[in-house]
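Quick notes on the structure that follows.
Protein chains get the first letters and strands the later ones, always in sequence-line order, with residue 1 at the start of each.
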Amino acid sequence: MKQRYDFTEIEIKWQKYWSDKGLHKTPPTPPLNNGGQGGVKKFYCLEMFPYPSGKIHMGHVRNYAIGDVIARYKKMRGFNALHPMGWDAFGLPAENAAIKHGVHPAKWTYENIGYMKKQLDRMGLSYDWDREVTTCSPEYYKWNQWFFLKLYEKGLVYKKASFVNWCPSCATVLANEQVIDGACWRCDSAVVQKELEQWFFKITAYAEELLQGCDELNGWPDRVVAMQKNWIGRSEGVEVDFPLADAGGITDEKLRIYTTRPDTIFGVTYMCIAPAHPLADRLVQGKDGLNAIKAKYGKEEVKEGIFTGHYAVNLLTDEKIPVYVANFVLMEYGTGAIMSVPAHDQRDFEFAKKYGLPIKTVIIPEGGQEDETLNEAFEGEGILVNSGKFNGFKSADAKRAIAVFIEEKAFGKRMVNYKIRDWGISRQRYWGTPIPIIYCDKCGIVPVPEKDLPVILPEDVSFTGKRGSPLLESARFLNVKCPACGGNAKRETDTMDTFVDSSWYFIAYCLKDDIDLKSQISNLKSSINYWMPVDQYIGGIEHAVLHLLYSRFFTRCMRDLGVISADEPFRNLLTQGMVCKETWKCPDHDWLFPEEVKDGKCVHCGKQVEKGRIEKMSKSKKNVIDPDALIKKYGADTMRLFSLFAAPPERDLEWSDKGVEGAYRFLNKVWGIVYKYKGQGLRVKGQELSFPVAYRLSPIASSLLKKTHQTIRKVTDDIEKDYHFNTAIAALMELVNEISSFNPENEEDSSALGFAVKNTLMMLAPFAPHFAEELWEATGGKSSIFEHLWPEWDEMLAKDEEIELVVQINGRLRAKMLVPAGLPDEDARQRALQDERVKEMLNGREIKKVIVVKGKLVNIVLG
RNA sequence: GCCGGAGUGGCGGAAUUGGCAGACGCAAGGGACUUAAAAUCCCUCGGAGCUUGCUCUGUACGAGUUCGAGUCUCGUCUCCGGCACCA
């Protein structure tokens with residue numbers, strides 16, 4: 001071994017070794033019965049796969065470092081581990097690159113994958129690349145199409161018109177995040193709402209199950225579960241019909257509304273319908289007025305409406321009330337129409353004030369009075385007034401009683417509603433999965449027959465950024481014979497949302513090379529059923545709803561297709577925090593990269609720069625650190641160690657260059673210790689320090705032995721409990737500090753030292769794998785360190801035989817004394833009371849009582 | 001507005017079930033080694049006070065429960081994240 005820690009040489013050496021030896025290969029999938037191979041448990045460790053944008057960033061580094069520690073640790077604990085990686089390879093940036101640089105999206109994507117794969121390997125991540133998944137390959141997206149067809153057969157896929165963000169210049173749909181201040185992010189044209197035919201997955205069919213399933217997500221962070229529940233947005237209420245009235249009285253026409261507050265139904269003073277409600281066009285005479293409301297639909301805070309000129313009747317009161325069209329009423333939720341109770345709904349209140357509509361109080365706070373001059377709606381629950389036979393009811397009781405009454409009278413019925421909408425998957429883009437549908441003039445919509453899958457993306461297209469999807473220009477792709485009648489037909493040119501790709505990739509990993517989902521149907525002993533669900537999923541919080549919800553939906557669909565037996569895809573979820581760093585701004589040159597700031601001055605103009613706030617690393621703020629540069633300067637092990645040490649994984653991590661040096665110093669310290677003792681017979685082999693030997697050890701050796709066992713316990717607990725690697729690493733640093741000040745004087749001391757060093761390396765291995773391997777080898781360790789089991793501690797040897805007893809008087813620390821561990825309470829009490837200092841403090845005062853906490857403290861309470 | 005989460009030294013962060021606040025690291029200061037520097041090693045390091053090893057004080061703020069509160073309860077403030085006309 002070298003005197004100096006040459007990280008580059010070491011890291012390359014061990015990466016090659018692992019690869020040559022196939023150390024990261026997944027063990028063959030054992031049969032499901034008899035509990036797997038000899039009772040060995042499986043562990044599926046998964047990190048969210050990246051979009052191949054070109055280079056990995058610090059967010060990836062952190063995500064993958066966390067996952068790698070878990071995977072390596074679990075393997076050392078003897079688990080059968082699956083730890084795969086792949087590429088979320090479809091997406092808009094590839095198309096933009098094609099438009100800008102003229103390089104084909106496929107070429108651009110695969111080149112990026114090649115580079116990023118090297119970067120991941122350079123980090124020393126233990127992926128089984130045999131299971132790599134690339135979503136833009138036909139072998140993969142074929143199954144998106146198959147899945148689409150299967151859902152289509154079950155009526156879970158349908159086509160309907162809906163409003164989308166449309167850029168007239170680019171002739172394409174834009175995602176919400178691509179609309180900036182109402183304009184296209186690429187060409188700055190004004191974005192319009194356009195009604196477009198789109199394909200939808202019927203996720204609402206699983207709304208209730210997805211909601212119920214939330215209660216079983218015990219291994220997920222509470223806030224993510226809360227966000228999912230919130231997103232699904234279940235509410236219970238009543239649908240009620242309000243007949244329309246004309247001069248002659250009640251007509252046959254009914255206006256159906258949905259409300260969660262039937263207890264306020266006696267307070268209805270008007271009704272509102274959405275501008276897109278079918279009745280709006282029929283009822284309103286002045287089309288200009290209606291169009292003005294339509295133009296303000298769903299956008300502005302300001303509430304505006306127009307009277308339809310028609311009335312409806314509240315069947316509970318027989319009151320005739322006006323019907324309005326209002327911009328704030330959503331067509332997509334409930335029935336697109338509402339009953340307005342201005343006294344008890346703030347939105348209705350504002351609207352009523354604006355248009356001079358009556359406000360009728362029907363709920364008063366419990367023990368309160370009716371307020372004659374309302375300044376705002378009272379939205380709380382209370383006691384009913386002005387509500388006929390329901391007067392005096394509490395809101396909760398009235399909700400039930402009125403709902404029952406409405407059902408009895410057949411005015412309406414109880415109803416559950418959800419906020420979640422069906423998932424629109426159509427994208428007018430090239431670089432995505434073609435939707436396997438054919439349009440025939442004679443036969444209409446015809447699904448592509450399963451045997452014709454995959455529908456392959458054509459390569460003979462050009463990328464101009466104009467005229468919409470390039471697929472429209474590929475005649476070879478577009479023109480097709482109808483599978484039903486054989487006549488001329490056209491293919492669907494929309495592609496699927498890329499969230500489809502990422503909704504089941506974790507299932508694809510289970511299948512190694514051949515992603516044949518169909519052949520897995522009803523196979524209870526399939527490798528899918530062996531590995532799924534994922535035991536630990538790790539990724540960013542930004543996917544708290546979309547990706548995670550879609551994956552839960554897909555897993556249930558796959559279950560109903562017989563592909564998988566689990567309901568939930570991810571047993572435990574760890575959402576890691578963001579990687580942040582301070583920002584720098586020059587008055588002339590705007591944001592600056594860290595290397596553009598020297599001594600607080602801008603390197604371009606020498607002006608004083610301003611230190612901005614600490615923010616998530618981003619290219620736009622230029623507060624980024626390049627992983628490549630960091631690996632070059634300190635090595636992958638240091639980079640990994642720091643990103644795990646600086647904060648617990650779920651919390652944001654503030655990047656600190658000085659902190660990185662600290663991690664580097666620590667590794668060098670360990671290196672120095674091993675180098676120092678290597679020539680002096682550092683013994684690392686075997687388990688020679690068993691309990692009986694300990695009796696012969698010197699006090700210092702015995703103390704080091706104890707510290708070692710305590711550290712194994714602490715590190716194991718910290719990892720097992722909640723992956724708090726920061727405290728695990730801190731414990732290792734403590735042990736190393738003790739080793740470093742240890743001076744062996746005889747054979748036994750050396751043995752104790754060897755034992756401590758050996759275990760330090762073992763525990764360091766998941767965090768700094770190359771480093772640990774190199775020193776393991778240098779100290780005579782045989783084979784890879786990862787082929788050894790994680791160390792165990794001996795509870796007897798970890799136990800302190802003396803503890804520091806704290807003595808308090810009235811809860812304040814007054815003395816500390818060393819006492820034997822396990823000292824009986826009464827003895828502890830006596831010792832505390834006899835302590836010179838304590839006696840002095842007590843000064844003969846009356847002792848009210850003495851509290852003894854075993855092994856911790858004695859508190860003397862004075863009168 | 002609603003739903004989450006957080007608030008501890010100069011900084012990142014530790015503190016099983018309520019039981020020594022500040023582990024570990026960074027920064028800073030002092031010292032050793034060196035012709036000098038770097039590296040390394042040793043010491044100090046929440047605040048205040050003095051008799052220099054002790055006292056008081058201290059975990060956003062204010063109450064409370066308790067022998068004892070960073071931790072539990074109630075109220076207030078601030079920050080971050082998500083959702084937001086969902087009837």
Counting heavy atoms from C-beta on, name the nucleotide in B:A23, B:C20, B:C83 closest to the side chain of A:Q808.
B:C20

Watson-Crick/G-U partner (both atom distances under 3.5 Å) of B:U66
none

Describe the nucleic acid contact of A:E332 in one word from base, sugar-phosphate, nothing, applying a heavy-atom distance below 4.0 Å.
nothing

Using a heavy-atom cut-off of 4.0 Å across all strands, would you classify A:K856 as base, sugar-phosphate, or nothing?
sugar-phosphate

Can you tell me which nucleotide in B:A27, B:C41, B:C24 comes closest to the side chain of A:E734?
B:C24

Pick base, sugar-phosphate or nothing for A:G662, based on heavy-atom distances below 4.0 Å to the nucleic acid.
sugar-phosphate

In terms of side-chain heavy atoms of A:T260, which of B:C56, B:A87, B:C67 is nearest?
B:A87

Would you mind telling me which residue lines up with the more 5' stretch of RNA chain B, A:L653 or A:V545, judged by nearest nucleotide?
A:L653

Within 45° cone of A:F351 ring axis and under 6.0 Å: A:K303 NZ or CZ
no

Tell me if the side-chain of A:K816 makes a donor-acceptor pair with the base of B:C20, cut-off 3.5 Å, by modelled atom types.
yes

Please verify the inter-ring angle class for A:F725 with A:Y723; under 30° counts as parallel, over 60° as perpendicular, anything in between as tilted.
tilted

May I have the distance from A:Q3 (atom CD) to B:A39 (atom P), rounded to whole angstrom?
17 Å

Indicate, with a heavy-atom threshold strictly under 4.0 Å, whether A:S235 touches base, sugar-phosphate, or nothing.
sugar-phosphate

How many Å lie between CD on A:E661 and P on B:A27, as a whole number?
7 Å

Tell me which nucleotide, if any, is Watson-Crick or G-U wobble paired with B:U16 when both distances must be under 3.5 Å.
none

Give one of base, sugar-phosphate or nothing for A:N859, where a contact means two heavy atoms less than 4.0 Å apart.
base

Within the 4.0 Å heavy-atom criterion, would you say A:D348 contacts the bases, only the backbone, or no part of the nucleic acid?
nothing

Measure the distance from CH2 on A:W220 to P on B:G4 and round it to the nearest whole Å.
18 Å

So, are A:K714 and A:E734 salt-bridged, with charged N and O less than 4.0 Å apart?
no

Give A:D717 one of three labels, base, sugar-phosphate or nothing, depending on what nucleic acid heavy atoms sit under 4.0 Å from its own.
nothing

Tell me what A:S656 touches on the nucleic acid: a base, only sugar-phosphate, or nothing, going by heavy atoms under 4.0 Å.
nothing

In whole Å, I'd like the distance from the CE atom of A:M733 to the P atom of B:C24.
11 Å

Check every strand shown and say whether A:V224 touches a base, only sugar-phosphate, or nothing at a heavy-atom separation below 4.0 Å.
nothing

How far does the C1' atom of B:G31 sit from the matching atom of B:U16, given to the nearest Å?
40 Å

Using a heavy-atom cut-off of under 4.0 Å over every strand shown, decide if A:P648 touches base, sugar-phosphate, or nothing.
sugar-phosphate

Base B:G1 to side chain A:Q346, donor-acceptor N/O within 3.5 Å cut-off:
no

Starting the side chain at C-beta, find the nucleotide from B:A87, B:G12, B:A14 nearest to A:L330.
B:A87

Taking atom NE2 of A:H344 and atom OG1 of A:T264, what is their separation to the nearest 0.5 Å?
7.0 Å

To the nearest angstrom, the CZ-C1' distance between A:R814 and B:G53 comes to 14 Å

pair_partner(B:A48), Watson-Crick or wobble, both distances < 3.5 Å, evaluates to B:U55

When you compare B:U71 with B:A15, how far apart are their C1' atoms, in angstrom units rounded to a whole number?
10 Å

Is any side-chain nitrogen or oxygen of A:R665 closer than 4.0 Å to OP1 or OP2 of B:A38?
no

Please state whether the rings of A:W423 and A:Y550 are parallel, tilted or perpendicular, taking 30° and 60° as the class boundaries.
parallel

Given the 90°-from-0 boundary between syn and anti, B:G9 should be labelled syn

When you get a sec, tell me which of B:C24, B:A87, B:G19 is the closest nucleotide to the side chain of A:F645?
B:C24

Categorize A:F666 for me: base, sugar-phosphate, or nothing, with a 4.0 angstrom heavy-atom threshold over every strand shown.
nothing

Work out how far the P atom of B:G4 is from that of B:G75, and round it to whole angstrom.
14 Å

Is the shortest side-chain N to carboxylate O distance from A:K2 to A:D6 below 4.0 Å?
yes

Specify the separation, in whole Å, of atom CZ of A:R223 and atom C1' of B:C83.
14 Å

Between A:A731 and A:G334, name the one whose nearest nucleotide on RNA chain B is closer to the 5' end.
A:A731

Base partner of B:U78, which must satisfy Watson-Crick or wobble distances under 3.5 Å
B:A6

Side chains of A:S235 and A:Y258: any donor to acceptor distance under 3.5 Å?
yes

Give none if B:U40 has no partner; otherwise give the nucleotide forming a Watson-Crick or G-U wobble pair with it, both distances under 3.5 Å.
B:A32

Using the P atom as the reference point in each nucleotide, state the distance between B:A63 and B:G58 in Å, no decimals.
12 Å

I need the CZ-C1' distance between A:R812 and B:A21, as an integer number of Å.
14 Å

Taking the ring of A:Y270 and the ring of A:Y355, is the distance between their centroids below 6.0 Å?
no

Taking 4.0 Å as the cut-off, does a side-chain nitrogen or oxygen of A:N726 come that near to OP1 or OP2 on B:A14?
yes

Of the candidate nucleotides B:G12, B:A27, B:G19, which contains the atom at the shortest distance from the side chain of A:A646?
B:G12

Could you give the CD1-to-P distance, from A:I673 to B:C41, as a whole number of Å?
9 Å

